[in-house]
Enquirer: 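Take a look at this one; I'll ask things after.
Convention: sequence-line order gives letters A, B, ...; per-chain numbering from 1.
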There are 4 protein chains.
Amino acid sequence: MGETSKPLGRPRSEDARLAVLHAADDMLVEQGYAAMTMKGIAERAKVGRQTVYRWWSSKAEILLEASAADAVRELTLPPGADPEADISAFLSALSTFLTRSDAGLAYRALLGEAQHDGKVAELVRGGDVLGEAARVVIRRAGAAGAFEGERDDALVAELVGPLVFRVLSGGWDPTEGELSAMARRFLRR
Amino acid sequence: MGETSKPLGRPRSEDARLAVLHAADDMLVEQGYAAMTMKGIAERAKVGRQTVYRWWSSKAEILLEASAADAVRELTLPPGADPEADISAFLSALSTFLTRSDAGLAYRALLGEAQHDGKVAELVRGGDVLGEAARVVIRRAGAAGAFEGERDDALVAELVGPLVFRVLSGGWDPTEGELSAMARRFLRR
Amino acid sequence: MGETSKPLGRPRSEDARLAVLHAADDMLVEQGYAAMTMKGIAERAKVGRQTVYRWWSSKAEILLEASAADAVRELTLPPGADPEADISAFLSALSTFLTRSDAGLAYRALLGEAQHDGKVAELVRGGDVLGEAARVVIRRAGAAGAFEGERDDALVAELVGPLVFRVLSGGWDPTEGELSAMARRFLRR
Amino acid sequence: MGETSKPLGRPRSEDARLAVLHAADDMLVEQGYAAMTMKGIAERAKVGRQTVYRWWSSKAEILLEASAADAVRELTLPPGADPEADISAFLSALSTFLTRSDAGLAYRALLGEAQHDGKVAELVRGGDVLGEAARVVIRRAGAAGAFEGERDDALVAELVGPLVFRVLSGGWDPTEGELSAMARRFLRR
DNA sequence: GATTAATCGAGACGGTACGTCGCGTCTTAGT
DNA sequence: ACTAAGACGCGACGTACCGTCTCGATTAATC
């Protein structure tokens, strides 16, 4: 019935796939986004170049696949004691993610690349990890009663926009005090 | 004594300088940041490559010099009738800047590049056109009495962060209604 | 005892063999030797690549098998009225073979490749179609009395060398007059 | 008046030109024609790849430039005592050239490549070193009275064709006796 | 006016990544 | 055992841009 017949020929190598993802991740951390080339990834992963191009069309795609799962994990938190603690913990996790985590480094690199590459922009818009995570926290706070008439996207932007903007534009690394001030301000609306 | 003696040799050509800046601006708009190469800029400006490298060390520097003045002009507004109108007008100008202006395109490209290039990050931090413009507007509103104990940077981020985040991460183009809602929310704190 | 037991498993596909030979021949004529790749042959013959590699180790081998029979046929002539006519007819056939026939194109390509590939050189030395054909004609003329003390190879070279050299080194296409002059010179020795 | 103005920009580097020619020559001798790649030549010559492509469009062109002068030198002989000695010495030089000299290796590789590459065929036809050398010897013998009504090309082919054919098609290495027999046969016509 | 010195356009230089192509091998399922 | 299909590691292809380096020609200020 709905069965999909198996594709012909040699099946894709899972080993090669993982080797590429890990190589990309490592190179981003060790050498940075600009020095991370398709050729370099292939060589470090001990994989043919064609194998990389067969499955990914750019280093951005590789990076997204390599880091999306990590990003989700790092930004998914257990509910906090009260809304303020919950929001504050999320902002703290977000700050750590953006300034210290490997996946966050990938996120910033991708968001950066998206500003001058339409294809990357679509990729970023598609896998909106940061927005998804923020929505979860906002809903948890909203269940307590707030934010009746507001649109999700606007709330997400209110919550993460200030923090993200400061990190992106200045390499800012916020203190706990600043984060809880942000959380309080977000809830008092 | 304190006078700087005129340098020897042939003086720098203003024609060449302007030709390079215009070529960079045009190429950014027509072909995008990635396709805008040092070689291409030199050729389009009908200028030797060494001449470009002599005065700028990267395409980011050229772009900054080419667009900073425009950016300041586009984000400098006459005072509005009341604080809400003033803030709202600023957000509108900022939105137009980011989504439609050439200088805004350059700003986004530079902010993007800054995420994976430390030198560009410093350039962007140095010439903080967006922050400067926001501070002016915030001070105008603050003169009326608000924001006593808060740090400038935090206020700037509260004001522009949500808008910038939405534009950067999704190509969002806000409506007037959304902008004035943003302005009201910013003032009610 | 002396009987060879039938090999196990699926027998070799004659369809596949012929498809490969025809594909190679066609590609040589249509696209030339350089553009005739193992991959291309397999695809045009609608045959797996492994099937090609299983039975032939290089495109030279395929070409030899594809053209050797044709070459022999084109260079085997009925005896002429007299030695001069016989030799002249052979030279004419050889000229046509080298400059116009598909098999001759293959012969030239193989002889060319043999100059910088030892394996092809052995193949060419082994299946010496051109020498075999020349020897037949020389023996027919020799039966009438000439060439007592001379070695075969030397005579073959005297007969075909001048013609082959001119074709190989300049794409020369001889006239009937030139060919019969050659034949006369060969016999007068 | 007839003066040609000097070209603009940095002039071509003679060092780079010679490094490429020597690298090509060495690689041909050490590794053979097939293993001699444009990439390999550039690397061995310690020269950028673009520099090779800027001045030569194929390895055949490089090889021709690298070996043509040597070929002429090796095939240019002082007049012999009598026509037979002269011709015989030439055939001996030709044989050594084809079977043992580096330039001869290049000649055979080029003649081979010419059979399946039209562009190389033109190059070979253009710089007809072998024919030129043969013509000199033939004229010297002809001055003594022979070959009145015959065309140059035909005589060249009669002289060198048999030898070249045997070397090309079988890797033949002739003895002195065979060479002087060839010389005698050529003169008796 | 001649000299000096830094600029200018032009373009070759040694490098290196690009994305593609063919190599010969391998691993599937199917005949 | 053989078939077609197609992924695999490998490495050369020819191109583009990098940033540097020579060229001859200009353009002022200094001698």
Enquirer: Mapping B/L8 and C/A16 onto DNA chain F by nearest heavy atom, which one lands closer to the 5' end?
Expert: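 Upstream on the strand: C/A16.
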Enquirer: Between A/V47 and D/P11, who's closer to the 5' end of DNA chain F by nearest nucleotide?
Expert: A/V47
Enquirer: Mapping D/R49 and B/R12 onto DNA chain E by nearest heavy atom, which one lands closer to the 5' end?
Expert: B/R12
Enquirer: Does a side-chain N-to-carboxylate-O contact under 4.0 Å join D/K119 and D/E113?
Expert: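 Here D/K119 does not pair with D/E113 in a salt bridge, since their nearest N and O are not under 4.0 Å apart.
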Enquirer: Quick test of your reading of the model: are B/E14 and B/R17 salt-bridged, counting only N-O distances below 4.0 Å?
Expert: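 B/R17 and B/E14: salt-bridged.
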Enquirer: Rounding to an integer number of Å, can you tell me how far D/Q31 CD sits from F/dA12 P?
Expert: 11 Å
Enquirer: Once you round it to whole Å, what is the distance between P of F/dG9 and CZ of A/R10?
Expert: 8 Å
Enquirer: Considering only heavy atoms of chain C and a distance under 4.0 Å, specify the first and last nucleotide of DNA chain E in 5' to 3' order that meet this criterion.
Expert: E/dG22 to E/dT31
Enquirer: Nearest-nucleotide wise, let me know which of B/R54 and C/T37 is further upstream toward the 5' end of DNA chain E.
Expert: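 Counting from the 5' end, the first nearest nucleotide belongs to B/R54.
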Enquirer: Between A/T51 and A/V47, is there a donor-acceptor pair closer than 3.5 Å when you use the side chain of the first and the backbone of the second?
Expert: no
Enquirer: Indicate yes or no for a side-chain donor-acceptor contact from B/E61 to the backbone of B/S57 under 3.5 Å, with no hydrogens or angles considered.
Expert: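 The answer is yes, because a donor-acceptor pair under 3.5 Å joins these two groups.
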Enquirer: Using modelled atom types only, decide if a donor and an acceptor are shared between the side chain of B/K39 and the backbone of B/R49 within a distance under 3.5 Å.
Expert: no
Enquirer: Write down the distance between CE (B/M36) and C1' (F/dC18), rounded to a whole number of angstrom.
Expert: 15 Å
Enquirer: Of all the choices, F/dG9, F/dA7, F/dT15, which nucleotide is nearest to the side chain of A/T51 once you look at every atom?
Expert: F/dG9
Enquirer: Determine the interplanar angle of the C/H116 and D/H116 rings, folded into 0 to 90°, and report it as parallel if under 30°, tilted if 30 to 60°, perpendicular if over 60°.
Expert: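 Taking D/H116 first and then C/H116, their aromatic rings stand perpendicular (interplane angle over 60°).
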Enquirer: Rounding to an integer number of Å, can you tell me how far B/D117 CG sits from F/dC18 P?
Expert: 14 Å
Enquirer: What is the separation between atom NZ on C/K39 and atom C1' on F/dA4, rounded to the nearest whole Å?
Expert: 15 Å
Enquirer: F/dC8 C1' sits how many Å from A/R17 CZ, rounded?
Expert: 17 Å
Enquirer: Any donor-acceptor pair under 3.5 Å linking the side chain of D/Q115 with the backbone of C/L111?
Expert: no
Enquirer: Under 4.0 Å from OP1 or OP2 of F/dC2: is there any side-chain N or O of C/S13 that close?
Expert: no
Enquirer: Can you measure B/E14 atom CD to F/dT26 atom P for me and round it to whole angstrom units?
Expert: 22 Å
Enquirer: Between P on F/dG11 and NZ on A/K46, what's the gap in Å once rounded to a whole number?
Expert: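 It works out to 12 Å between those atoms.
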Enquirer: So, is C/W55 near the phosphate of F/dT3, with a side-chain N or O under 4.0 Å from OP1 or OP2?
Expert: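 C/W55 to F/dT3 OP1/OP2: side-chain N or O found under 4.0 Å.
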